[in-house]
Amino acid sequence: MSARLLLGEPVAEKVRQRIGGLVTQLAAEHITPKVAVIVATDNEATKWYVGSIARAAAKLSVACEVFDLGEATEEFIAETIKTLNADELIHGIILQTPLPQGVDVSSLVKLIDPAKDIDGANPVSLGRLSVGQDAFAPATARSVIEILEHYRIALSGKHVAVIGRSAVVGKPLAQLLLQRDATVTICHSRTVNLAEHTRRAAVCVVAAGQPHLLASNEVTAHSVVIDVGTHVTESGELTGDVQSDSVQPLVAALSPVPGGVGTVTTALLLLHTVQAATNFLERSRREEWQMSAGR
Ligand code: NAD
């Protein structure tokens with residue numbers, strides 16, 4: 001037996017269709033959704049990733065402007081974020097890491113207006129998410145949910161083990177799972193006996209940043225495994241956090257790397273941009289109405 005493969009492409013295609021519908025509605029109001037991507041590194045992988053966002057945006061009639069700041073100081077990056085916050089033509093802001101040495105990313109993400117925080121980087125977004133208020137979740141965390149929902153993997157009342165507790169993936173994902181009534185266990189680098197948690201989980205999401213961490217003795221024939229990890233091997237191949245060769249023949253379903261979570265992430269960043277533009281339009285209308293009603 002081999003696992004059912006939970007491919008990202010059909011999920012991404014569905015997201016792109018949602019984007020298309022919203023872009024058409026916004027065009028009727030003369031609004032072009034626009035995302036700003038701030039880059040301050042020469043890192044080749046980052047440049048490639050940002051290029052892929054720009055190409056995907058162009059195909060979906062979403063404007064994308066890359067602000068390549070080079071070896072910028074923290075102050076200059078902060079000023080750029082503030083300028084973009086104030087720019088009504090920009091609906092989404094992404095601060096791409098890595099940043100130059102000595103620049104404190106946690107101080108900078110706090111400056112991103114939550115209404116434009118389309119990758120859920122500001123701690124305010126995570127806070128709102130955790131109390132069930134409107135906020136953009138980090139696109140990677142939401143990708144996991146979109147994949148599970150697309151393939152009709154039940155979450156309500158199910159036990160889900162999330163391996164990884166970062167603010168980018170593990171923690172926001174746990175909140176999204178709780179919102180769907182899953183019983184969530186967050187495992188991390190100090191967790192004792194990982195297999196005890198992963199083997200009793202219906203769904204196991206691996207976001208540990210450790211190549212080939214999840215092994216065959218940590219899964220069962222009923223496990224649904226989502227691999228969030230991305231690593232480039234010495235031979236230049238992309239691989240994940242799951243020992244896919246030994247795990248895939250054993251489990252019920254597996255999202256592959258490449259071709260799984262990462263495939264959906266960019267589409268979700270653009271969906272969030274378009275949703276932010278839609279929210280902006282609704283806010284402007286409300287304000288206009290309040291002004292005309294003299295409130
Ligand atoms: P991170 O390094 O910030 O966090 C890793 C987490 O895993 C930590 O909470 C740590 O406690 C836990 N961990 C580490 N070793 C462990 C072990 N042996 N057992 C149990 N837990 C362990 O990483 P991150 O930013 O959350 O990213 C995680 C992975 O997801 C990375 O491989 C990253 O490249 C990938 N990622 C993929 C996408 C995508 O779109 N596909 C986006 C973001 C991150």
Side-chain angles (χ1 to χ4, degrees), residues 6-9 11-12 15 37 41 43-46 48-53 56 94-99 104-106 109 117-121 123 125-126 129 136-148 160-177 184-199 201 204-215 217-219 225-233 236-244 247 254-272:
L6 308 178
L7 298 174
E9 184 48 34
V11 188
V15 174
V37 188
T41 177
N43 184 300
E44 279 307 314
T46 304
W48 184 88
Y49 176 63
V50 170
S52 75
I53 297 175
I94 301 171
L95 177 63
Q96 195 59 49
T97 55
L99 293 170
D104 179 16
V105 65
S106 62
V109 291
D117 185 24
I118 55 154
D119 204 14
S125 300
L126 182 55
L129 209 61
F136 292 112
T140 306
R142 188 169 169 194
S143 296
V144 173
I145 298 291
E146 294 286 335
I147 289 176
L148 291 169
V160 181
V162 177
I163 308 179
R165 59 177 163 184
S166 73
V168 183
V169 191
K171 284 189 184 125
L173 176 60
Q175 298 303 335
L176 295 173
L177 290 163
V184 185
T185 301
I186 305 184
C187 305
H188 47 79
S189 50
R190 298 292 177 91
T191 297
V192 177
N193 199 351
L194 191 65
E196 192 183 296
H197 303 287
T198 55
R199 285 181 63 85
C204 186
V205 184
V206 198
Q210 302 288 329
H212 304 147
L213 175 77
L214 192 80
N217 63 322
E218 289 160 332
V219 293
V225 179
I226 306 291
D227 191 351
V228 180
T230 48
H231 312 277
V232 181
T233 64
E237 281 164 34
L238 201 61
T239 180
D241 282 359
V242 175
Q243 289 182 17
S244 52
V247 167
L254 170 72
S255 77
V257 177
V261 173
T263 314
V264 187
T265 305
T266 305
L268 281 174
L269 283 174
L270 298 175
L271 178 64
H272 287 178

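Both ligands and their constituent atoms are indexed starting at 1 by order of listing. Numbers for residues simply follow the sequence, beginning at 1. Because the structure is predicted, anything quoted here is derived from the model rather than measured.
- In this structure, atom 43 (C) of ligand 1 lies nearest to the protein heavy atom Thr140 OG1, 3.6 Å.
- Protein heavy atom nearest atom 5 (C) of ligand 1, with residue, atom name and distance: Ala208 O, 3.4 Å.
- Set against the non-hydrogen atoms of Ala207, the atoms of ligand 1 under 4.0 Å away are 5 (C), 6 (C), 7 (O), 28 (C).
- Taking a cut-off of under 4.0 Å to the non-hydrogen atoms of His231, the atoms of ligand 1 that pass are 32 (O).
- Residue Arg165 approaches ligand 1 through these ligand atoms, each under 4.0 Å from one of its heavy atoms: 6 (C), 8 (C), 9 (O), 11 (O).
- With hydrogens and angles ignored, the 3.5 Å screen pairs a side-chain donor or acceptor of Gln243 with a backbone N or O of His212.
- Close contacts between ligand 1 and Gly209 involve ligand atoms 28 (C), 29 (C), 31 (C), 32 (O) [criterion: under 4.0 Å to a heavy atom].
- Each of the atoms 30 (O), 35 (C), 36 (N), 37 (C), 41 (N) of ligand 1 lies under 4.0 Å from some heavy atom of Val228.
- For Thr191, the closest heavy-atom approach to ligand 1 does not fall below 4.0 Å.
- Considering all non-hydrogen atoms of both residues, Ala195 and Glu218 come closest at CB-CG, 3.6 Å.
- Evaluation of the salt bridge (charged side-chain N to carboxylate O under 4.0 Å, His left out) rule for Glu9 yields Arg16 as partners, not counting sequence neighbours.
- Considering only non-hydrogen protein atoms, atom 33 (C) of ligand 1 sits nearest to Thr230 OG1, 3.8 Å.
- The backbone N or O of Val169 sits less than 3.5 Å from a side-chain atom of Ser166, completing a donor-acceptor pair.
- In terms of protein heavy atoms, atom 18 (N) of ligand 1 is closest to Leu213 CD1, 3.4 Å.
- Partner Ile163 forms a side-chain contact (heavy atoms from CB on, under 4.5 Å) with one of Asp241, Val205, Val228, Leu213 and no other, that one being Leu213.
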Sequence neighbours excluded and cut-off under 3.5 Å, please list the side-chain donor-acceptor pairs for residues 137-148, or say none.
residue: Arg142; atom: NE; partner: Glu146; partner atom: OE2; Å: 3.2
residue: Arg142; atom: NH1; partner: His272; partner atom: NE2; Å: 2.8
residue: Arg142; atom: NH2; partner: Glu146; partner atom: OE2; Å: 3.3
residue: Ser143; atom: OG; partner: Ala139; partner atom: O; Å: 2.9
residue: Ser143; atom: OG; partner: Thr265; partner atom: N; Å: 3.4
residue: Ser143; atom: OG; partner: Thr265; partner atom: OG1; Å: 3.2
residue: Glu146; atom: OE1; partner: Arg18; partner atom: NH1; Å: 3.4

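- Summary of contacts: the protein heavy atom closest to atom 22 (C) of ligand 1 is Ser189 N, 3.5 Å.
- At distances below 3.5 Å, not a single donor-acceptor pair connects side-chain atoms of Thr97 with backbone N or O atoms of Leu99.
- Heavy-atom separations between Arg190 and ligand 1 are all 4.0 Å or longer.
- Side-chain atoms of Glu196 never come within 3.5 Å of backbone atoms of Asn193 as a donor-acceptor pair (strictly under, hydrogens ignored).
- The presence of a protein heavy atom under 4.0 Å from atom 2 (O) of ligand 1 is ruled out.
- Those atoms of ligand 1 with a heavy atom of Ile163 less than 4.0 angstrom away are 20 (C), 21 (N).
- At a heavy-atom distance under 4.0 Å, only side-chain atoms of Thr265, from C-beta outward, approach ligand 1.
- Against a heavy-atom cut-off of under 4.0 Å, Gly164 is close to the following atoms of ligand 1: 6 (C), 7 (O), 9 (O), 12 (C).
- Contact annotation for His188 and ligand 1: heavy atoms of both the backbone and the side chain come within less than 4.0 Å of the ligand.
- Counting atoms of ligand 1 from 1 in the listed order, those under 4.0 Å from a heavy atom of Val169 are 26 (O).
- Ranking protein heavy atoms by distance to atom 15 (N) of ligand 1, first place goes to Gln210 CG, 3.4 Å.
- For the pair Arg165 (side chain) and Gly170 (backbone), a donor-acceptor distance under 3.5 Å is absent.
- Counting only distance, with no hydrogens or angles, the side chain of Asp227 and the backbone of Gly229 share a donor-acceptor pair below 3.5 Å.
- With hydrogens left out, the protein atom closest to atom 25 (O) of ligand 1 is Ser166 OG, 4.1 Å, a heavy atom.
- Shortest non-hydrogen contact noted between His197 and Val192 is NE2-O, 3.9 Å.
- With rounding to the nearest 0.5 angstrom, the SG atom of Cys204 is 9.5 Å from the CD1 atom of Ile226.
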